[in-house]
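Structure first, commentary second.
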Amino acid sequence: MSNHVAIFCKRELRSYFDSPIAYIVITIFLLISGWFFFSDLFLANQASLRNLFGIIPFIFMFFIPAITMRLISEEKKSGTIEILLTLPVKDHQIILGKFLAGMILISVAVILTLVYTFTLSGLGNLDSGSVASGYLGLIFLGAAYLSIGIFTSSLTQNQIVAFIFSFLIIFVLYLLDNVLMFVPGFLISLFEYLSVNYHFSNISRGVIDSRDVIYYLSLIFLFLFLSVRALSSRKWR
Amino acid sequence: MITIKNLTKKYGNLKAVDDVTFDVHTGEILGFLGPNGAGKTTTVRIITCYMLPSSGRVEVDGFNAFDHSLEVRKKIGYLPENAPLYSEMNVLDYLHFIMGLRDIPKDRFNQRASEISEICGLEDVIHRNIGELSKGYKQRVGLAQAMVHDPEILILDEPTSGLDPNQIVEIRNLIKELGKEKTVILCTHILPEVEATCGRVLIINQGKIVADGSPAELQSSFQGKARIYLELRTPDVDVIAKLLKIKHVEKAEPISTDETDLKKFALECAQGVDPRENIFHKAVENKWIILELRKEQASLEDVFRQLTTS
């Protein structure tokens, strides 16, 4: 990994963790996911993480735009982007550094939910294979949302606009496989393929298919690529 | 060092920079002057590879700024307008951050940071958060950031804005000092700054270069009227009429005073003629007592006003 990417990533992480942002969003994330998880757990009376993996993609819809909205729009607003882009660094290094910092923040949040998993494993038998693949799915899902968030943040100076746009894109991708019954037959497989949820539920069921992995990787790549393009748009003649 | 040829930048239909051509030589301190919105910042952003021009060419030390953008960026230290910095970082961390991105070896970080903070006068605030600093210190951090890799070219966009008079003098001296070995482009609309520091002045207006030369050259090329200041003591009431009869005096404007006998005038005459002797004779003839009689040099301000208005 390039040195520059590491430097950007480190700066971004420090700005998350030196300020209250990281602690606030992680705490809220854990409270909400914990509340949904435990309230369902005692109702269903079953040792399963299905609920947790069902609720986190939904919480991510708010959580991830909240941590990505400032990543580039703030630099645009304050003008610091002008110093960054006149340094001898490549545009994609900036985007990748910020992406990695976001990944680390999301991973911390996801790893902390292991507390629920361990609590549960004390209550009943857990299938460790499906737990592992569920967490892998969450990481893929988070990375995809993150790249969408970075993209919308690179489009505007306004953090709120960045938040709303990334939320909308994610919402549409999330909703696609919930509206299948309203969709004409020949479009069903397309909608299914485009839906983040469909692929997530495949992976979290414990079936790690290359198609699902490729879906996520291409989504991540596409939006990171668009972010780099948006950064370079200042150079359009 | 820097060659700019036929540079044009359009925003939609508006030409922010219009067919600009100039060279900057090594070791020159170039004052880049212009009213707000004249195209200074746009030109500078193109040289620093932040933007691409609509047409034209920029070469820095033989490297084309568009094909070898990274090479060009390595040679330039740039302080953008208003010194945009990360307010949540402390000064030392910020300098380390920039040094890392400038590929300065890690084992030289501490040495370089203390050198640069001494040059820019940052020792007292090195562990403070940038957000807590005064405007003057922020500007200095911006300057430190631009100089941290000891660049051959330094481009400063309004480096003294928001500083107090003492700080302005300090920064000007610093720029002069730097200009001995480096090429400096100083964007500003503060004229005394240019007179104090720059060996060469470039005036841009509405995207076009309207003047290029040393401050002295520009002053002598001034096309307007020469001004003469005259202060008299006399009870005479029709001084103006008499003054206007003097050869070459084209205009006489009274400046109000508190005393009735004390009269002050701003006279105008054509460039290149000197009616002062005639004024003296006229005064003797009318028994006016001359308290002051002086010809006023066309200032850079006059030149600037003439070239950038109308």
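So you know, we letter chains A, B, ... as the sequences are listed, proteins then strands, and number each from 1. All of these numbers come straight from a predicted model, not from anything done at the bench.
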Would the number of heavy atoms belonging to other residues, nucleotides or ligands and lying under 6.0 Å from [atom1] of [X] be above 12?
X	atom1	result
B:Glu123	CD	yes
A:Tyr193	OH	yes
A:Arg14	CZ	no
A:Lys90	NZ	no
B:Tyr94	OH	yes
B:Tyr11	OH	yes
B:Lys5	NZ	no

Compare all side-chain heavy atoms of [X] with those of [Y] and state whether any distance is below 4.5 angstrom.
X	Y	result
A:Thr86	B:Ile155	no
A:Pro88	B:Arg102	yes
B:Tyr78	A:Leu87	no
B:Thr48	A:Glu82	no

Please determine, among A:Leu85, A:Val89, A:Thr80, the option with the most heavy-atom pairs under 4.5 Å with chain B.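 Highest number of pairs under 4.5 Å: A:Thr80.
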
Toward chain B, the part of A:Glu75 with a non-hydrogen atom under 4.5 Å: side chain

I'd like to verify something: which residue of [options] has the highest number of heavy-atom pairs under 4.5 Å with chain A?
options	answer
B:Gly142, B:Ala146, B:Pro80	B:Pro80
B:Arg45, B:Glu71, B:Met51, B:Lys74	B:Arg45
B:Ile76, B:Leu101, B:Leu85	B:Leu101

Please give me the minimum heavy-atom distance between B:Asp103 and A:His4, naming the atom from each residue. OD1-NE2, 3.0 Å

Determine the minimum heavy-atom distance between A:Ser78 and B:Pro84, stating which atoms define it.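 Result for this residue pair: O-CB, 3.2 Å.
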
Thinking salt bridges, do B:Asp93 and A:Arg11 make one under a 4.0 Å N-O criterion? no

To the nearest 0.5 Å, how far apart are [atom1] in [X] and [atom2] in [Y]?
X	Y	atom1	atom2	answer
A:Asp18	B:Glu88	CG	CD	8.0 Å
A:Ile7	B:His96	CD1	NE2	11.5 Å
B:Tyr50	A:Ile83	OH	CD1	11.0 Å

B:Ser69 versus chain A, heavy atoms under 4.5 Å apart: side chain, backbone, both or neither? side chain

